[in-house]
Number of protein chains: 2
Amino acid sequence: MSISAVKIVGSGLIGTSIGLALSARGVRVLMADIDPVASALAQSLIGKDHQASNSDTFDVVVLAVPPSSFKEVLDVEKELNPLSTFVDILSIKTKPLLEVQGMSDVASRFVGTHPMAGREISGAQSARGDLFVGRTWIVTTGESVQKRSSDLAAELISLCGALPVYMDAQEHDRAMALVSHAPQMLASVLSSQLIGVNPAWLTLIGQGFRDFTRIADSDPILWKEILSENSANILPVLSNFRKRLEEIESELSDSSFAQSAIELGNRGRKLIPGKHGNTARTYIYLHIVIDDKAGQLASIFNDCASANVNIEDVSIEHTPGQNTGLVTLSILDMDNARHLEGFLGEQGWKVHLTSN
Amino acid sequence: MSISAVKIVGSGLIGTSIGLALSARGVRVLMADIDPVASALAQSLIGKDHQASNSDTFDVVVLAVPPSSFKEVLDVEKELNPLSTFVDILSIKTKPLLEVQGMSDVASRFVGTHPMAGREISGAQSARGDLFVGRTWIVTTGESVQKRSSDLAAELISLCGALPVYMDAQEHDRAMALVSHAPQMLASVLSSQLIGVNPAWLTLIGQGFRDFTRIADSDPILWKEILSENSANILPVLSNFRKRLEEIESELSDSSFAQSAIELGNRGRKLIPGKHGNTARTYIYLHIVIDDKAGQLASIFNDCASANVNIEDVSIEHTPGQNTGLVTLSILDMDNARHLEGFLGEQGWKVHLTSN
């Protein structure tokens, strides 16, 4: 292993999660932040045994700061660490690369990256050492980077349990505009249209609308930078989208047109890789009505364990005021699902099997 | 109880779920369908003990058929059941009401309704007797309906465990255009834009995009009718949305504009009622890393039961190839969450508590 000490500037969710992952693999880590409370919390989560000190020579300095602080932090850190490799984690990649290409003393030691992991909550307190395990981690190296630095970046990613995927920075930013930045804006615009509507309308909101707009809960401070700095790539996506809407508006009353619009959406959805970047899985579902009280879940999972069937996913839906809930177990193959259905039925559970 | 026998025409998810709910409350039910296999399956799920016969006088006939079959089925059933009250469950309400107002022999006995429940899967095999428990069930009565019929509709809804909410049919259709039909179209349009993109881009798709486009998996045959028949109400929503997009396109590179667009989305989202139509709940989360094998979940839930803490929701995320998974438990209050965190920690689990 060539990485023994790493400095992480930015003690938020991503920076601290990287710190936790690296320290678990024996790397000494120094957490820093403009907010001393954040860096102290991050460092204490990582533990004193794994703490690097300011006088260390860092193999890698990770810049886990917002887009607006990136250049300023790099200017300071490159003076402090004239031999280190620098890695950023920003969700836009063209702009930092351009900035670094103008800094001749650091351009050959800078590797732009973007881990495909995150959570809807932020801060060191939400960090997890396994945040990146099994995830894709995009690497967008500039032309002038030295091999030693790109090797160190790849090693850091692999120590975090993630899989490096190499991509051109401009390509990355165009893809993110389509699959992340434009959807963010569409969800925010639709959510904002609830403002001022008749409150009775809100009672008609179902799970579809909730899921569709979940990302509209995102942090405006973080997103204002992403959206404005990648606006050149987001604009063509929004503009295509808007033109397609215009077509739809002129044809919507034609039912065969409406059908084909939904069918095209079905086709697009099928292209999305599965939960873990593999082909999408299909599950068999067992639905079990339970009493909504402590102990019932334990009892079900005990029975699942006795049946020796692995549960891929679980969801619970409550029916308040009725003291009942519905547990749905997802199972990968029909044989196991049938076996578990029979076994749970024998134990007295009311089980319904479905697949789709 | 004045309802003793009900005929349900349409043995899909909604019709069969109504049948299951009513029969559990002692009502005799006759299931019908244009497809005899579907009605036989539905009737067998309900059971012979609760079966009504064709010679019964039905208090209520439920029309649980697609929009395109509604009029035809009503024409047949009103001749067969000259005294019954008719209830439909279509997700558009103005058009059936208009059609019925032209049928003088049935207009006073027809009640338009729309249960706010459904599943992403269809068919009698997916039906559940508790599908409507605790849900809102919209009632849009015409002016000419007799009191006896609206009382019977309210009784049917309450036997299903749902809560009747009265609303004007036109108001219902305008609300649904905003909270269901337009989002369906937006999700389908965005999903369709994945067709033909560089496959490498698809590896950047995260949970946000997946949730945003989940409804794009919907059935084109069902939706072509909803979208075309409610197009008059959907068009102004799409057109407003498109105009707002145009504004955004011209201002997106301005970061304070981008920030305010996201903030407006935050505000709109906060107006959405909680999971069960109550105020939105906030949860405390316990994150637990487990081995990805049978028995681990049982073991956790056993420990939760010993700690006597109720789990509101569970999610499981797998990290394939690593044989580990992350279980997240949602708990309603901080005291219970802290207690459970401590207890699980003592049992040797690695627990991280977060709240947001």
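Only heavy atoms go into these numbers, but all of them, side chains included; no hydrogens, no water, no symmetry mates. Reminder, nothing fancy here: chain letters follow the sequence lines and each chain counts from 1.
Using a 4.5 Å cut-off between heavy atoms, B:His114 makes no contact with chain A at all. If you measure heavy-atom distances from A:Leu190 to chain B, the contacts under 4.5 Å come from both the backbone and the side chain. Within the 4.5 angstrom heavy-atom criterion, no atom of B:Glu251 approaches chain A. Proximity to chain B (any heavy atom under 4.5 Å) is restricted, for A:Arg244, to the side chain, taken from C-beta onward. Contacts of B:Glu246 with chain A are made by both backbone and side-chain atoms, with heavy-atom separations under 4.5 Å. Of the two parts of A:Glu229, neither the backbone nor the side chain holds a non-hydrogen atom closer than 4.5 Å to a non-hydrogen atom of chain B. Interface remark: B:Ile195 contributes backbone and side-chain atoms alike to the contact with chain A (heavy atom separation under 4.5 Å).
Per-residue counts of heavy-atom pairs under 4.5 Å with chain A were compared for B:Asp254, B:Val189, B:Leu45; the largest is that of B:Val189. Between chain B and the residues A:Glu171, A:Arg267, A:Gln184, the most heavy-atom pairs under 4.5 angstrom are made by A:Glu171. Each of A:Ile138, A:Thr213, A:Leu227 has some count of heavy-atom pairs under 4.5 Å with chain B, and the biggest count is that of A:Thr213. Each of A:Ala307, A:Ser192, A:Ser256, A:Gly196 has some count of heavy-atom pairs under 4.5 Å with chain B, and the biggest count is that of A:Ser192. Interface check for chain B: of the options A:Ile226, A:Leu238, A:Ile300, A:Val165, the most heavy-atom pairs under 4.5 Å are formed by A:Leu238. For chain B, the option among A:Met185, A:Lys243, A:Glu225, A:His172 with the highest count of heavy-atom pairs below 4.5 Å is A:Met185. The candidate with the highest count of non-hydrogen atom pairs below 4.5 Å against chain A, out of B:Pro220, B:Ser188, B:Ala258, is B:Pro220. Interface check for chain A: of the options B:Asp303, B:Asn198, B:Ile205, B:Val237, the most heavy-atom pairs under 4.5 Å are formed by B:Ile205. Looking only at heavy-atom pairs under 4.5 Å with chain B, the residue among A:Ile215, A:Val179, A:Thr203 that has the most is A:Val179. Contacts with chain A were tallied for B:Ser330, B:Ser299, B:Ser239; B:Ser239 has the most, counting heavy-atom pairs under 4.5 Å. Listed options B:Lys270, B:Met176, B:Gln259, B:Glu249 were ranked by heavy-atom pairs under 4.5 angstrom with chain A; first place goes to B:Glu249.
Heavy-atom minimum distance, A:Leu178 versus B:Val197: CD2-CG1, 3.8 Å. When every heavy atom of A:Leu194 is checked against every heavy atom of B:Gly268, the shortest pair comes out as CD1-O, 3.5 Å. Taking every heavy atom of both residues into account, B:Ser218 and A:Ile262 meet most closely at O-CG2, 3.6 Å. Between B:Ser228 and A:Ser253, the shortest heavy-atom contact is CB-O, 3.5 Å.
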Next item on the list: Test B:Arg174 against A:Trp201 for side-chain contact (heavy atoms from CB on, under 4.5 Å), laying out the working first.
Entry: CA-CA 9 Å; B:Arg174 285 169 53 213; A:Trp201 290 23; 3.8 Å; yes

Next item on the list: Could you give me the CA-CA distance, side-chain angles and deciding distance for A:Leu204 and B:Met167, then say whether side-chain contact (heavy atoms from CB on, under 4.5 Å) is met?
Entry: CA-CA 11 Å; A:Leu204 302 187; B:Met167 194 177 274; 4.1 Å; yes

Check: Passes side-chain contact (heavy atoms from CB on, under 4.5 Å), B:Ile272 versus A:Leu202? Steps please.
Finding: CA-CA 6 Å; B:Ile272 301 177; A:Leu202 303 174; 5.8 Å; no

Item checked: Evaluation steps, side-chain contact (heavy atoms from CB on, under 4.5 Å), between A:Phe241 and B:Leu186 -> CA-CA 9 Å; A:Phe241 190 93; B:Leu186 299 176; 3.8 Å; yes

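If you check the side chains of A:Arg269 and B:Ser191, you find no donor sitting under 3.5 Å from an acceptor. Using modelled atom types and a 3.5 Å distance limit, the side chains of A:Asn240 and B:Gln193 yield no donor-acceptor pair. Donor-acceptor pairing under 3.5 Å is recorded for the side chains of A:Asn302 and B:Asn302.
Atoms CZ and SG, from A:Phe301 and B:Cys304 in turn, are 10.5 Å apart once rounded to the nearest 0.5 Å. Here A:Ile248 contributes atom CD1 and B:Ser231 contributes atom OG; the two are 12.5 Å apart, rounded to the nearest 0.5 Å. Distance check, rounded to the nearest 0.5 Å: NZ of B:Lys224 to CD of A:Glu263 gives 9.0 Å. Residue B:Asp211 holds its CG atom at 4.0 Å from CZ of A:Arg214, rounded to the nearest 0.5 Å.
Ring geometry, A:Phe212 versus B:Phe212: the interplanar angle falls under 30°, so the pair is classed parallel (tilted spans 30 to 60°).
Not one N or O on the side chain of A:Asp217 forms a donor-acceptor pair closer than 3.5 Å with the backbone of B:Asn266.
Crowding of B:Arg242 atom CZ: a count of heavy atoms from other residues, nucleotides or ligands under 6.0 Å exceeding 12.
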